[in-house]
Amino acid sequence: MELMNLASKETSYWMIALPAVFGSQNIHDVSVLGYLFLAVVSLSILTWALAGGGGGAWKNGRNRLGRVTIPGPRGVPVFGSLFTLSRGLAHRSLAAMAWSRANTEIMAFSLGSTPVIVASEPNTAREILMSSHFADRPVKQSAKSLMFSRAIGFAPNGAYWRTLRRIASTHLFAPQRILAHEAGRKLDCAEMVKAVSTEQTGVGSVVLRKHLQLAALNNIMGSVFGRRYDPVAQKMDLDELTSMVREGFELLGAFNWSDYLPWLGCFYDPVRLKQRCSDLVPRIRALVKRIIDEHRVVSNSEKKRDIGDFVDVLLSLDGDDKLQEDDMIAVLWEMIFRGTDTTALLTEWTMAELVLNPNVQAKLRDEIKTAVSERVDVADTDLAKLPYLKAVVKETLRLHPPGPLLSWARLSTSDVQLSNGMVVPKGTTAMVNMWAITHDPTVWSDPLKFDPERFNGNADVDIRGGDLRLAPFGAGRRVCPGKNMGLSTVTRWVAELVRRFEWRQDQTEPVNLGEVLKLSCEMEHPLRAVVTEIF
Ligand code: HEM
């Protein structure tokens, strides 16, 4: 009886409230809507309750396709684990979840209606990254709107993407081209060293980030477009470019709820993603098209094809390799995005660790001084003679991988049987938590300690995708094509910064290794240090 009273009270509440909400006079239409709403909510809760491991996106026993079930948290109805991952440091939250549930091999969870798996140990990570069935990527709305689905990083696995990868490995990132742009790298580095010295003299300390960002932008603009910007003489052009790159980073890095709950997109877009993307695209197109047109005027000789910039290369292609203009714009613009922040922030992390570890800094300086003559700049060929420098950069990549979740996930293109008996269904988003692997005490001893010595001698580790204990550039078919370019830039910068200056803590603002996860994981508090020039 009481229940009936309650039911009728509830009904009368909806009869009053719903017309107010929908502004309708027709009470019956509105109660139908109300019942529909309740039905959808009940169905979602039921689906979630029945789905079990992994949450609602894993309904119909999709996590039980293999002989072994894929375990994972349920999250909450409709949203799954979205609230856990939409804010803060997703790599840390996922690692904590996987470790506490002993689900490091593989863990299933739901991001709204998207089924996701994450691997937090090297063997399953290898299976996922190396498998041709995980060579696709889920495309975020921002990436689609910013033309990235025609660029290397998001193009679906197929003939077009294979052509792009071939162009990248035989032309864009070929060793002779990286070498050909050495003079540009030296120039950017020399400018940066000068700016650091000026700031120390004028201010009494140095905030390194802005110098690294300018060097990174010029470095990538030089390789991709054959252009460099003088921060004074070309201030306006530089400001426009910087604002476009920054806007793109923000849009690509923003957590977009409607990527996981598509129905939300109709009425919830707090960062005005759609509008901002459609404002940015014509600006990108105009800038890149102008640069392509300027390159077209200058003749395209064979020499340019070998040592020119990326635009020269793309314009010189013919036959099946020839790209449409819009595709060229997408490919070139993606390089600017991928190549700028990663190198700058990896160098900042490295320098922060060197400030905190003066003994390592001193040992590194000794190595560089012994191997490189004082009068000349560090050359690419010198880098081979600097094993400790390599170890320092590797150790930074281990403690602070720029893409802790390998930046962009993979997508399964069929049901995939893993060696542990689990089956990952087609259409599942697959992540590798590289941060969890590089911080796992069963994989790395004393994992929180910055200790480059661990890479000495026989303990050397291939960081270019061969050893999944430390694969900050990913692995397999979609491994980072810019890894050699990125590494040679960062190692050169660190070498020059360390041999030209001694870096110490600024006691008024001690180094803080707090992280913030955007498109990449960067220092939350930019590094400020006091430097002394070494003559
Ligand atoms: C320290 C520097 C860098 C790091 C840590 C890094 C890291 C990564 C990672 C983790 C991936 C995903 C790999 C996978 O799914 O297996 C990736 C992809 C990619 N990176 Fe890098 N990267 C760096 C520098 C660069 C540079 C300098 C460029 C170009 C100028 C670049 C261009 C790309 C592209 C185009 C992709 C997409 C590849 C594909 O999907 O086929 N990266 N990078």
Side-chain angles (χ1 to χ4, degrees), residues 91 119 125-126 128-132 134-139 143 148-158 160-169 172-173 177-178 181 185 212 215-217 219-225 245 252 309-310 313 330-350 393-394 396-398 400-411 429-435 437-438 463-466 468 470-494 519-522:
H91 52 290
R126 168 181 296 282
I128 289 173
L129 295 178
M130 306 301 261
S131 161
S132 58
F134 285 105
D136 256 3
R137 293 199 196 277
V139 186
F148 280 93
S149 43
R150 296 299 289 172
I152 301 181
F154 283 112
N157 180 20
Y160 175 70
W161 172 75
R162 280 196 297 277
T163 304
L164 294 183
R165 286 294 305 206
R166 194 177 55 248
I167 296 170
S169 59
L172 304 180
F173 298 103
R177 183 172 314 282
I178 297 179
H181 286 269
R185 281 197 293 281
L212 290 171
L217 195 62
N219 174 50
I220 204 76
M221 286 300 282
S223 302
V224 176
F225 293 141
V245 172
L252 278 176
D309 53 57
F310 285 15
V313 173
V331 170
L332 294 167
W333 191 245
E334 183 191 43
M335 295 300 168
I336 307 292
F337 274 103
R338 300 290 315 177
T340 311
D341 71 326
T342 42
T343 46
L345 66 89
L346 176 58
T347 311
E348 193 182 23
W349 279 120
T350 312
V393 174
K394 276 186 189 179
T396 310
L397 281 163
R398 187 189 68 76
H400 311 286
L405 294 168
L406 293 189
S407 311
W408 290 327
R410 304 286 190 89
L411 185 72
T429 292
M431 291 181 179
V432 166
N433 192 342
M434 189 45 62
W435 185 90
I437 296 175
T438 61
I463 58 167
R464 294 165 207 246
L468 267 293
L470 179 55
F473 298 97
R477 294 173 176 221
R478 293 207 92 125
V479 67
C480 173
K483 55 190 183 303
N484 292 335
M485 186 194 228
L487 278 175
S488 62
T489 308
V490 172
T491 39
R492 162 185 300 282
W493 286 349
V494 173
L519 193 53
S520 306
C521 187
E522 57 187 59

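Bear in mind the structure is a predicted one, so any value in this text is a computation, not a measurement. Remember, it's 1-based here, ligands and their atoms both numbered in the order they're listed.
Remark: side-chain polar atoms of R478 are paired, donor with acceptor, to backbone N or O of I152 under 3.5 angstrom. R126 places a side-chain N or O within 3.5 Å of a backbone atom of G466 that can act as its donor or acceptor partner. Not a single donor-acceptor pair under 3.5 Å links the side chain of R185 to the backbone N or O of T489. The backbone N or O of A151 sits nowhere less than 3.5 Å from a side-chain atom of W333 that would complete a donor-acceptor pair. Distance alone, capped at 3.5 Å, places no donor-acceptor pair between the E348 side chain and the L212 backbone. With hydrogens and angles ignored, the 3.5 Å screen pairs a side-chain donor or acceptor of D136 with a backbone N or O of N157. Looking only at distances, no side-chain donor or acceptor of R477 sits under 3.5 Å from a matching main-chain atom of A135. R137 places no side-chain N or O within donor-acceptor distance of the main-chain N or O of F154, the cut-off being under 3.5 Å. Between the S488 side chain and the M485 main chain, a donor and an acceptor come within less than 3.5 Å of each other.
At a heavy-atom distance under 4.0 Å, no atom of S223 approaches ligand 1. Looking at I220 against ligand 1, only its side chain comes within 4.0 Å, counting heavy atoms. Neither the backbone nor the side chain of K483 has any atom closer than 4.0 Å to an atom of ligand 1 (non-hydrogen atoms only).
Numbered from 1 in the order shown, with element, the atoms of ligand 1 that lie under 4.0 Å from a heavy atom of I152 read 38 (C), 39 (C), 40 (O), 41 (O). Set against the non-hydrogen atoms of L346, the atoms of ligand 1 under 4.0 Å away are 1 (C). Atoms of ligand 1 lying under 4.0 Å from any heavy atom of F173, numbered from 1 in the order shown and given with element: 29 (C), 30 (C). Here is the list of ligand 1 atoms found below 4.0 Å of a heavy atom in R410: 14 (C), 15 (O), 16 (O). Below 4.0 Å from some heavy atom of A475 lie the following atoms of ligand 1, by number and element: 16 (O). Atoms of ligand 1 lying under 4.0 Å from at least one heavy atom of G474, given by number and element, are 10 (C), 13 (C), 14 (C), 16 (O). Within ligand 1, the atoms closer than 4.0 Å to a non-hydrogen atom of E334 are 35 (C), numbered from 1 in the order shown.
Selection from P472, G403, S407 by nearest heavy atom to atom 7 (C) of ligand 1 gives P472. Of the listed options R338, M485, M335, R338 places a heavy atom closest to atom 43 (N) of ligand 1. In this comparison of P402, C480, G486, the heavy atom closest to atom 23 (C) of ligand 1 sits on C480. With atom 19 (C) of ligand 1 as the reference point, the heavy atom nearest to it among G465, P481, G153 is part of P481.
Annotation: atom 13 (C) of ligand 1 to nearest protein heavy atom, R478 O, 3.2 Å. Here the protein heavy atom with the shortest distance to atom 28 (C) of ligand 1 is G482 CA, 3.7 Å. With hydrogens left out, the protein atom closest to atom 27 (C) of ligand 1 is G339 CA, 3.6 Å, a heavy atom. In terms of protein heavy-atom proximity, atom 3 (C) of ligand 1 is nearest to F473 CE2, 3.4 Å.
Heavy-atom separations between F154 and ligand 1 are all 4.0 Å or longer. In this structure, V490 has no heavy atom closer than 4.0 Å to ligand 1.
Of the polar atoms of W161, at least one N or O is found under 3.5 Å from an N or O of ligand 1, judged by distance alone. For R137, a nitrogen or oxygen atom sits less than 3.5 Å from a nitrogen or oxygen atom of ligand 1, counting backbone and side chain alike. Residue contacts with ligand 1: R165 is placed with a nitrogen or oxygen under 3.5 Å of a nitrogen or oxygen of the ligand (distance criterion only). In terms of N/O distances under 3.5 Å, ligand 1 is not approached by T342. Every N/O-N/O distance between W408 and ligand 1 stays at or above 3.5 Å.
Side-chain contact between L487 and I463 is present, with heavy atoms from C-beta onward closer than 4.5 Å. Counting only heavy atoms from C-beta outward, the side chains of R177 and D309 never approach each other to under 4.5 Å. Looking only at side-chain heavy atoms (C-beta outward), L129 and L406 come within less than 4.5 Å of each other. The shortest distance between side-chain heavy atoms of V139 and W408 does not fall below 4.5 Å. With contacts defined as side-chain heavy-atom distances shorter than 4.5 Å, the pair V224/I336 qualifies.
R165 and P481 make their closest contact through NH1-CD, 3.8 Å (heavy atoms, listed as atom of the first residue, atom of the second, distance).
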